[in-house]
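Numbering of ligands and ligand atoms starts at 1, following listing order.
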Amino acid sequence: MSRKLIIGSSGQIGTELVIELRKIHGSDNIIAADIRKPIDEVLFGGPFEEINVLDKARIKEVILKYKIDEVYILAALLSATAEKKPDLAWKLNMEGLFNVLDLAKEKVINKIFWPSSIAVFGPSTPNRNTPQQTIMEPTTVYGISKLAGERWCEYYYNKFGIDVRSIRYPGLISYKSLPGGGTTDYAIEIFHHAIKHKNYVCFLEKNMGLPMMYMDDAIRATIELMNADVSKISVRCSYNISGLSFSPFEIAEQIKKVIPEFDVSYNPDFRNEIAKSWPSQINDQVARKDWRWKPNVDLEQMTEIMLKQLKVVLV
Ligand code: SER
């Protein structure tokens, strides 16, 4: 039986990935790990271990304890926080990856998932329909760390045959766990504020379109990529995947269909500069062809789900 370790299980993606993988593979086979305590559903739904991704010996200890075969490295500093703490971001994002890549090289584990991001692109990248292979000159600490990480993943695959797989996630929208320190966080905040206060001051400008995705699609993409036959994987840096593309104005208009009195104003801060350097919509032809990726949830459905679910939690 293949057991999986999810490092970063208290984060936005980790929370939902653990819950979904436990449904598929059984609770005992999915080991959640983080330096922070997860939500109760994760904590009491199966094994949880405290792990700092910078502590390689501790990661190895947990891997051996549970006979783990596959590791998902979701611990990272996101774009906005990384600009404030560049040294820590570089250390955490790179060393965390190396610790796990090296455990695979030492044959302690067989397979790795590591998330990349649309942040690998930069101002010189084509802004729309951004291809899988294109100019990549990221201008953020986070983007630089993700691009370097992609290169290292491909290097470990080519040199040592490590089965490492990756996705360039767009901004992810979910209601179970809050995002932490990203530029795309506004797309979740806006829902919380719409429900609680009926108004929102957005830190991006009105027409700043960015690639986004509903969390269920992102989790399914991750699982489908990891389940794909090895012969189907032609990209060992990281796959573009595309779901939605919208601006703060467009999402606000969707919310207003349900909450007509919702009022949004715009006060762009440093995160607007980060957003400006990223594409607004990306091309995912290669993922579609290689492992049959296809998004399911559109803007209208996502808005409906978010408002309905958050109302239960927040009101
Ligand atoms: N959601 C991330 C961020 O905004 C992008 O990968 O930092």
Side-chain angles (χ1 to χ4, degrees), residues 8 10-17 72-86 88-90 92-94 96-97 113-123 125 127 130 136 138-150 153 166-192 202-205 208-219 221-222 225 237-248 251 268-282 284 287 295 302 306:
S10 304
Q12 191 200 5
I13 304 172
T15 299
E16 304 221 16
L17 188 64
Y72 295 67
I73 321 159
L74 301 172
L77 282 202
L78 292 184
S79 59
T81 315
E83 288 307 302
K84 290 187 175 154
K85 300 178 183 172
L88 176 64
W90 181 256
L92 189 76
N93 295 2
M94 299 312 297
L97 172 60
F113 177 81
W114 176 78
S116 185
S117 160
I118 51 155
V120 291
F121 301 117
T125 303
N127 181 269
T130 308
M136 296 164 97
T139 49
T140 62
V141 174
Y142 179 65
I144 296 169
S145 78
K146 287 295 181 187
L147 181 55
E150 285 194 10
C153 287
S166 177
I167 283 173
R168 290 173 183 150
Y169 288 127
L172 299 180
I173 296 151
S174 62
Y175 60 87
K176 285 195 182 150
S177 174
L178 284 171
T183 300
T184 56
D185 293 9
Y186 93 84
I188 297 168
E189 269 180 27
I190 198 168
F191 284 102
H192 285 252
C202 184
F203 58 75
L204 297 187
E205 63 191 73
M208 183 57 68
L210 286 172
M212 299 277 185
M213 183 174 287
Y214 182 56
M215 184 61 90
D216 283 12
D217 274 344
I219 297 294
T222 310
L225 171 65
C237 50
S238 191
Y239 278 99
N240 278 11
I241 59 166
S242 182
L244 311 166
S245 171
F246 58 79
S247 64
I251 187 77
D269 66 14
F270 75 102
R271 288 168 283 190
N272 197 57
E273 296 308 307
I274 299 177
K276 241 193 236 173
S277 76
W278 293 348
S280 59
Q281 181 263 328
I282 68 173
D284 59 3
M302 183 211 56
M306 286 296 286

(message) Can you confirm whether Leu178 sits close enough to Glu189 that some side-chain heavy atom of one is under 4.5 Å from a side-chain heavy atom of the other?
(response) no
(message) Are Tyr186 and Ile251 packed together at the side-chain level, in the sense that at least one heavy-atom pair is separated by less than 4.5 angstrom?
(response) yes
(request) Return the set of residues passing ring-ring contact (aromatic ring centres under 6.0 Å, His included) with Tyr239 (not counting sequence neighbours), or none when no residue passes. (result) Trp291
(request) Identify, chain by chain and in numerical order, each protein residue with a heavy atom under 4.0 Å from an atom of ligand 1. (result) Leu78, Ser79, Ser117, Tyr142, Gly182, Thr183, Thr184, Trp278
(request) Could you tell me which residues satisfy salt bridge (Lys or Arg N to Asp or Glu O under 4.0 Å) with Lys276, sequence neighbours excluded, listed by chain and number? (result) Glu273
(request) Verify, without hydrogens or angle tests, whether Asn272 (side chain) and Glu205 (backbone) share a donor-acceptor contact under 3.5 angstrom. (result) yes
Name the atoms and distances for all side-chain donor-acceptor pairs under 3.5 Å in residues 114-122, with sequence neighbours left out.
| from | atom 1 | to | atom 2 | distance (Å) |
| --- | --- | --- | --- | --- |
| Ser116 | OG | Glu150 | OE2 | 2.7 |
| Ser117 | OG | Ala119 | N | 2.8 |

